[in-house]
Protein chains: 2
Amino acid sequence: MRKTIAKTKILELITRSNTNLSHADIKNLLPDGLCDRVTIYRVLDRLLQEGLIHKVVNIDGVVNYASCKNCEVEHSHNHMHFSCEKCKSVTCLDDINPSFKLPKGYAVKEINFVLSGVCPSCS
Amino acid sequence: MRKTIAKTKILELITRSNTNLSHADIKNLLPDGLCDRVTIYRVLDRLLQEGLIHKVVNIDGVVNYASCKNCEVEHSHNHMHFSCEKCKSVTCLDDINPSFKLPKGYAVKEINFVLSGVCPSCS
DNA sequence: TTATTTTAGCAACATTGTTGCAATAATAAA
DNA sequence: TTTATTATTGCAACAATGTTGCTAAAATAA
Ligand SMILES: [Zn+2]
Ligand SMILES: [Zn+2]
Ligand SMILES: [Zn+2]
Ligand SMILES: [Zn+2]
């Protein structure tokens, strides 16, 4: 996979942001005219494939993209996410890994944990 | 809120189904021409408001609607959901309530827990 | 039965995401 | 460096999904 301006800038945005970013956020944050919105979709897909970012489906169905911090060893995104209804931020709670016990027979491949409410900064 | 044919039929569908249903599912399952797709959206909103159903945002961002089983006492939907990538079913795991501990300052109002993979019937 | 108010249908629109294809740009090979 | 190869981009077109405003119809109250 090739290194392009769009890819570099988008990864930079996601990495530097302290909240998770949606496609719309990225579109707004990128310098006007840097690339087409279709390109953003495609770049995000590539970054996901390469394992440089992970995604969170928010409580409103919007996909948010987050940089992978502790994924050098192995990719696991069992952690919780928080979506603030006031500041609209979506963040990774990297250290919160909910525990639960499934009945036999379930093979889990993906996990999407989201809490919604008011974050510490907004309360 | 008034009792109408569309509302009755849609609630019936959701209640009788052993999997959670998306707007598209409901549209397909309803007798052809029973009501407009806009009506389905509005009926679902009303059923949510009345607390007769709850919703789950699936891992693909699609909203699925589920009947409320143990909500007579109080509404709580802390339970896990499972989305099967083979049979495409989304189901409530009513008895699985993940436990986790949040840092102080977070006020949780909504919860959306979804696991994706292969369900017992498909494995 | 009549009056009131919610609900339904329809058209129009906005948003979001996808696909095909030709032009362009990044990398590999010469 | 130059050329060849192949991934990536932009654009247009399209599909799917969800929302809104308005009038007609239906449900309930009077
Ligand atoms: Zn906040
Ligand atoms: Zn995360
Ligand atoms: Zn299955
Ligand atoms: Zn449920």
Subject >> Salt bridge flag under 4.0 Å for residues A:Lys7 and A:Glu12 >> reply: no
Original post:
Roughly how far apart are B:Arg37 CZ and B:Thr39 OG1, rounded to 0.5 Å?
Top reply: 10.5 Å
Subject >> base_contact_polar (D:dG10 base, A:Arg37 side chain, donor-acceptor, <3.5 Å) >> reply: no
Original post:
With nearest nucleotides of DNA chain C determined for B:Leu34 and A:Val62 from heavy-atom distances, which residue corresponds to the more 5′ nucleotide?
Top reply: B:Leu34
Original post:
When the ring planes of A:His54 and A:His77 are compared, do they come out parallel, tilted or perpendicular, using 30° and 60° as the limits?
Top reply: parallel
Original post:
Which letter, B, S or -, goes with each nucleotide of nucleotides 23-30 of chain D from 5' to 3', with contact meaning a protein heavy atom under 4.0 Å?
Top reply: ---BBS--
Original post:
Picking from D:dT9, C:dC10, C:dT16, which would you name as closest to the side chain of A:Thr39?
Top reply: D:dT9
**OP:** Please state whether the rings of B:Phe113 and B:Phe100 are parallel, tilted or perpendicular, taking 30° and 60° as the class boundaries.
**Re:** perpendicular
Subject >> Sugar-phosphate, base or nothing in reach of B:Arg46, heavy atoms under 4.0 Å >> reply: sugar-phosphate
Subject >> Separation of D:dT9 P from A:Leu30 CG (nearest whole Å) >> reply: 12 Å
**OP:** Quick one: label A:Ala6 by what it contacts on the DNA or RNA (base, sugar-phosphate, nothing), any heavy atom closer than 4.0 Å.
**Re:** sugar-phosphate
Original post:
For B:Val57, does its backbone N or O pair with a side-chain atom of B:Asn112 as donor and acceptor, under 3.5 Å?
Top reply: yes
Original post:
Quick check: does any side chain N or O of B:Ser123 sit under 3.5 Å from a backbone N or O of A:Gly105, one acting as donor and the other as acceptor?
Top reply: yes
